[in-house]
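For clarity, every value in this text was computed on a predicted model and none was experimentally measured.
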Amino acid sequence: MPKILSVPAFQSAWMEWCSYRRESKKPISKRAANLQIAELKKVGPDAAVAAIQKSILNDWQGLFPDEIVSTERKNNGTQGSRTNAGQIFDRRTRSEKIVI
């Protein structure tokens, strides 16, 4: 296990992922596990845990950590930022939008 992923939250999520795959009658091969861990290492433990939880929630067979990272970037203001209550300033159009 890479050092960056050697945290209790990730280790617990990884064990849950392996168990979920066994229960689904689709156990993870050693080779696939190594490749998945290498991909999860790139996004860090928080996004890795989120990717595992989302895959289990949606009954997916794979992990999609890049989707979690791109969603986090959008939610952290790379697309727009909040101004007054109920408004978002869109950096692309340089205008405010009312959000209900």
Side-chain angles (χ1 to χ4, degrees):
M1 189 68 61
K3 187 174 183 175
I4 191 169
L5 299 177
S6 294
V7 296
F10 175 79
Q11 291 175 342
S12 176
W14 180 254
M15 295 308 295
E16 187 178 353
W17 173 244
C18 293
S19 176
Y20 161 77
R21 288 291 304 264
R22 280 192 302 275
E23 290 169 8
S24 301
K25 308 286 191 242
K26 304 266 185 195
I28 305 168
S29 69
K30 191 176 228 181
R31 185 175 187 179
N34 288 332
L35 292 171
Q36 287 178 349
I37 288 173
E39 288 299 305
L40 295 171
K41 177 184 172 185
K42 293 177 187 176
V43 298
D46 293 337
V49 169
I52 290 170
Q53 290 173 343
K54 185 169 186 174
S55 289
I56 293 171
L57 175 70
N58 290 303
D59 203 24
W60 294 340
Q61 292 181 32
L63 297 172
F64 307 96
D66 293 335
E67 183 178 305
I68 298 296
V69 171
S70 66
T71 300
E72 286 178 353
R73 285 184 184 145
K74 285 180 186 176
N75 291 340
N76 286 334
T78 58
Q79 293 294 318
S81 57
R82 294 223 176 253
T83 57
N84 299 326
Q87 295 179 339
I88 291 181
F89 181 78
D90 189 319
R91 292 184 182 137
R92 292 173 293 169
T93 61
R94 305 271 190 234
S95 61
E96 289 186 2
K97 296 179 180 179
I98 296 176
V99 179
I100 299 174

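- Asn58 pairs by the side chain to side chain contact (heavy atoms under 4.5 Å, CB included) definition with Lys54, Trp60, not counting sequence neighbours.
- Scanning for salt bridge (charged side-chain N to carboxylate O under 4.0 Å, His left out) contacts around Glu16 gives an empty result, with sequence neighbours left out.
- Applying the ring pair (Phe, Tyr, Trp, His ring centres under 6.0 Å) test to every pair with at least one member in residues 26-53, sequence neighbours left out, gives no pairs at all.
- Ser29 contributes atom OG, which lies 8.5 Å from atom CG of Asn34 (distance to the nearest 0.5 angstrom).
- Among all heavy-atom pairs drawn from Ala47 and Ile68, the shortest one is O-CG2, 3.9 Å.
- Judged as a salt bridge (Lys or Arg N to Asp or Glu O under 4.0 Å), the pairs with a partner in residues 18-45 (not counting sequence neighbours) are, in order, Glu39-Lys42.
- Annotation: side chain of Ile52 is in contact with side chain of Leu40 (closest heavy-atom distance under 4.5 Å).
- At least one side-chain heavy atom of Val49 sits under 4.5 Å from a side-chain heavy atom of Gln53.
- Listed by first then second residue, pairs satisfying ring pair (Phe, Tyr, Trp, His ring centres under 6.0 Å) with a partner in residues 22-49 number zero, not counting sequence neighbours.
- The ring pair (Phe, Tyr, Trp, His ring centres under 6.0 Å) contacts involving residues 20-53 comprise Trp17-Tyr20, where partners must be two or more places apart or lie in separate chains.
- Applying the side chain to side chain contact (heavy atoms under 4.5 Å, CB included) rule to Met1 yields the partners Leu5, Ser6, Phe10, Trp14, Ile37; only residues at least two apart in sequence or on another chain are considered.
- For Ser12, there are no side chain to side chain donor-acceptor pair (under 3.5 Å) partners at least two apart in sequence or on another chain.
- Taking all atoms of both residues into account, the shortest heavy-atom contact from Ala48 to Val43 is N-CG2, 3.9 Å.
- Taking all atoms of both residues into account, the shortest heavy-atom contact from Ala51 to Pro65 is CB-CA, 3.7 Å.
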